[in-house]
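Quick notes on the structure that follows.
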Amino acid sequence: MSILVIAEHDNDTLKSATLNTVTAAAAIGGDVAVLVAGSDCQAVAQEAAKISGVSQVIVADNVAYANQLAENMQPLIVELAAGKTHILAPATTSGKNIMPGVAALLDVAQISEVTKIESADVFERPIYAGNALAKVQSLDSVKVLTVRTTAFEEAALEGSAAVEAHGAAHDAGKSSYIGEEVVESERPELTAAKVIISGGRGMGNGENFSILEAVADKLGAAVGASRAAVDAGFVSNDMQVGQTGKIVAPELYIAVGISGAIQHLAGMKDSKVIVAINKDDEAPIFSVADYGLVADLFEAVPEFESNL
Amino acid sequence: MKVLVTVKRVIDYNVKVRVKSDNSGVDLNNVKMAMNPFCEIAVEEAIRLKEAGIATEVVAVSVGEKSCQEQLRTALALGADRAIHVEAEQELESLNVAKLLAKVVEAEQPGIVILGKQAIDTDNNQTGQMLSALTGMAQGTFASNIEIKDDKALVTREVDGGLQTIELAMPIIATTDLRLNEPRYASLPNIMKAKRKPLETKTVEELGVTIKEHTKLLSVTPPEERQAGIKVADVAELVDKLKNEAKVIG
Ligand SMILES: Cc1cc2nc3c(=O)[nH]c(=O)nc-3n(C[C@H](O)[C@H](O)[C@H](O)COP(=O)(O)OP(=O)(O)OC[C@H]3O[C@@H](n4cnc5c(N)ncnc54)[C@H](O)[C@@H]3O)c2cc1C
């Protein structure tokens, strides 16, 4: 088995999603190489070289890969796929953007959001918003997978892999990066946070999210949201948890003013402990909550904060 | 410019799915079916492009069983001009669907193809990206805004960190995210009119695609049910439980 893992990074730092993906690769077994494709990304390559279980880091350092545009990344990955049995990327928006095209160019399937490695060719993945689990066998010679990061632990950083440069530059010239509106936050990333407090439509408006932020400050938590809260413009899209937003599985998830639609549950029901604060005692969120509090959130949340 | 928009027939998003007792799949008997919500957003965007005078024709396409003509009629009622049904009796993998769509793209030569970013049944999130790779058209996935100016498109994408804007050379493939638009409802007169709009049927053979099996579904099982816990009386009890029972806060 010879596995290629596509690293997720921003040219400065390696994203932890890469570490979860390496753990999935290690579960398949065999030789694991990591591709760091970016621009001025040598620091990331050095970090990747420390991931336990990785034998080789391939660095493709070129402006063409600065923003990991799909059209430029795909020919690079296809080129590096020669001799590989598996190509893995985290199921982040970047992995989801790039990998299906890689699979198509290789004329193989992509198996999305893998949550369990049964063997080198059998994988488990959730379907129907996580209401069913499919066990799928790949019949392809090269298996292209995206990995649901919450289903795998982070690999340790105790290795020392060889770093090798890959010169080829592919600039398809079809797409270019214009800009980004990134929400800067001191808080942990949603997908990596140990504690998350999320607000829904019940929050009423964006300003009211400050009561969740006060709790987050005390717990070192990330702040999330339901789709309704994002659609209403209370908060930005990067905070959406759910089937079509971010999938999270923290130690503690606190849902505030969220009814618990299946699409929201799909994104958080694997959290270790779930707390729900909702004034409707029949809200479906209570059916998955370990601790439910039927209360008006505008009273309960500030009181909760002052009790911490 | 022509817009090609894809629609998939899926289980209605409000339905709680049940896994079949023989673990062969999900029970779809007598279950309400509907257009995939992300495809509704795709159809809406296509119609808006026509209303804005950017597109001249909207063609809806669906790959699937005969029953998916129902969703194509919905697309026609919403404002698509004509529809293409690619007949496929078995459930096709994304790559096979993308290959069939690539043939339709080749024949229709659209300026933009709009697809939903994912279907809420298989949750694959693949077909648009595969179509892009197969056709060589640039891709703007998870779009929350699409602006077309002459031979270029500006696509704003919902990414993990926030919003990213890219510029693409036309023709392009776009996949829709939730906040691209709010789909309209079809009016009764338009539903009647849609019955007379052209709907053409094509077979896999006619399109010249060889369907290949890439994966085998071994089993479908229900996930582990999460047990409902307890209701606490007040905030003090909640804090106490989290500290001393669950031990998740200090
Ligand atoms: C294709 C598709 C994809 C989707 N993807 C997602 C997704 O990824 N993530 C997601 O979250 N949703 C998603 N949804 C939407 C989902 O179906 C629900 O509409 C949404 O989750 C509802 O958000 P909510 O719980 O905040 O709002 P509501 O359902 O309106 O619930 C608000 C809750 O707040 C409570 N409340 C109100 N005021 C107070 C108060 N003062 N104190 C205490 N409680 C109060 C109410 O009792 C109610 O339970 C998707 C839907 C579709 C069709």
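Proteins come first, then strands; the chains are lettered A, B, ... in the order of their sequence lines, and each starts at number 1.
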So [Y] and [X], do their side chains get closer than 4.5 Å, heavy atoms only?
X	Y	result
A:Leu139	B:Glu213	yes
B:Asp160	A:Glu189	no
B:Asp123	A:Tyr128	no
B:Arg226	A:Ile274	yes

Can you tell me how far the [atom1] atom of [X] sits from the [atom2] atom of [Y], to the nearest 0.5 Å?
X	Y	atom1	atom2	result
A:Phe123	B:Thr215	CZ	OG1	11.0 Å
A:Gln240	B:Leu178	CD	CG	5.5 Å
B:Glu237	A:Leu293	CD	CG	9.0 Å

Sort out for me which of B:Lys16, B:Arg18, B:Glu245 touches chain A most, counting heavy-atom pairs under 4.5 Å.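 The answer is B:Glu245.
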
Options [options], ranked by heavy-atom pairs under 4.5 Å with chain B, top entry:
options	value
A:Asp231, A:Asp121, A:Ile262	A:Asp231
A:Lys194, A:Glu299, A:Lys246, A:Glu184	A:Lys246
A:Ser138, A:Gly179, A:Ala109	A:Gly179
A:Asp10, A:Asp107, A:Thr92	A:Asp107

Donor-acceptor contact below 3.5 Å, side chain [X] vs main chain [Y]:
X	Y	result
B:Gln129	A:Lys96	yes
A:Asp290	B:Gly229	no
B:Gln164	A:Asn67	no
A:Glu71	B:Gln139	yes

Is [X] close to chain A through its backbone or its side chain, or both, or neither, when contacts mean heavy atoms under 4.5 Å?
X	result
B:Asp234	backbone
B:Ile172	neither
B:Val232	both
B:Ala233	backbone
B:Val19	side chain
B:Ile230	both
B:Leu154	side chain

In terms of heavy-atom proximity below 4.5 Å to chain B, should [X] be classed as side chain, backbone, both, or neither?
X	answer
A:Arg125	side chain
A:Gln110	both
A:Gln74	side chain
A:Val275	side chain

Within residues 91-103 of chain B, the residues sitting under 4.5 Å from chain A by heavy atom, in sequence order, are B:Glu93, B:Leu95, B:Lys99

>> Can you see whether A:Glu113 engages B:Asn125 through a side-chain donor-acceptor pair at a distance of less than 3.5 angstrom?
In response: no

Do the charged groups of B:Lys231 and A:Asp281 touch, with an N to O distance under 4.0 Å?
no

